Undergrad: 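Once you've had a glance at the structure underneath, I'll fire off some questions.
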Amino acid sequence: MFISIDAEKCMGHGRCYSVAPDLLSDDDEGFVAERGRCWQVPDEQLDLAYEAADACPESAIALLETAPADA
Ligand code: SF4
C-alpha cells in the first residue's frame, strides 16, 4: 500500500500526525512534514496509515494499491 499526501489540500490541521506519530511528523508551521510525498507503507504501519487518512478533514491523504506513475 502506498500513502500519498497532497500538498495543496493539506491545511495543517495536524490530525494525521497526532493519530499516527510513528508514521507522520509535523513541520515548523504545523503542516504534515511529508506533504507532497508518496511512499510505500510498511505492513506494520498500515493501521496508522488508515487512521491518518480517516482523520484528515481535507481528504489530503490517499491510500493507493499501486504506486502512481509519477512516484
Ligand atoms: S490532517 Fe490533513 S490537513 Fe491536517 S496536517 Fe494532516 S494531511 Fe494536512
Side-chain angles (χ1 to χ4, degrees):
M1 187 73 74
F2 290 79
I3 185 170
S4 176
I5 304 182
D6 189 318
E8 299 201 351
K9 287 184 179 175
C10 176
M11 293 293 142
H13 299 289
R15 293 192 194 174
C16 58
Y17 52 77
S18 294
V19 300
D22 291 337
L23 179 68
L24 303 170
S25 55
D26 60 321
D27 68 11
D28 291 344
E29 297 175 332
F31 291 90
V32 63
E34 292 82 2
R35 69 189 191 280
R37 287 187 50 210
C38 178
W39 72 100
Q40 190 162 18
V41 181
D43 286 348
E44 63 272 19
Q45 293 187 320
L46 279 178
D47 286 351
L48 291 176
Y50 283 113
E51 285 184 38
D54 284 346
C56 179
E58 305 295 337
S59 299
I61 300 177
L63 297 175
L64 312 166
E65 293 285 347
T66 57
D70 58 350

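Owing to the predicted nature of the structure, the values given are computational and were not obtained by experimental measurement. Counting from 1, the numbers follow the sequence of the chain as shown. Both ligands and their constituent atoms are indexed starting at 1 by order of listing.
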Undergrad: Which residues end up grouped with F31 if you chain together Ile, Leu, Val, Met, Phe, Trp and Tyr wherever their side-chain heavy atoms are less than 4.5 Å apart?
TA: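 Once heavy-atom contacts under 4.5 Å are chained together, F31 still belongs with nothing else.
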Undergrad: Output yes when a side-chain donor or acceptor of Y17 lies under 3.5 Å from a complementary backbone atom of G30, and no otherwise.
TA: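 Yes, Y17 side chain to G30 backbone: donor-acceptor pair under 3.5 Å.
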Undergrad: Are more than 12 heavy atoms from other residues, nucleotides or ligands located less than 6.0 Å from atom CD of E44?
TA: yes
Undergrad: In the protein, which heavy atom is nearest to atom 3 (S) of ligand 1, and how far is it?
TA: M11 N, 3.2 Å
Undergrad: Report yes if some heavy atom in the side chain of Q40 is under 4.5 Å from a heavy atom in the side chain of M1; otherwise report no.
TA: no
Undergrad: Do S4 and P68 come close enough that some side-chain heavy atom pair is under 4.5 Å?
TA: no
Undergrad: May I ask you to list the protein N, O or S atoms found at less than 2.8 Å from atom 6 (Fe) of ligand 1?
TA: C16 SG
Undergrad: Do any N or O atoms from the side chain of E51 and from the backbone of A20 form a donor-acceptor pair under 3.5 angstrom?
TA: no
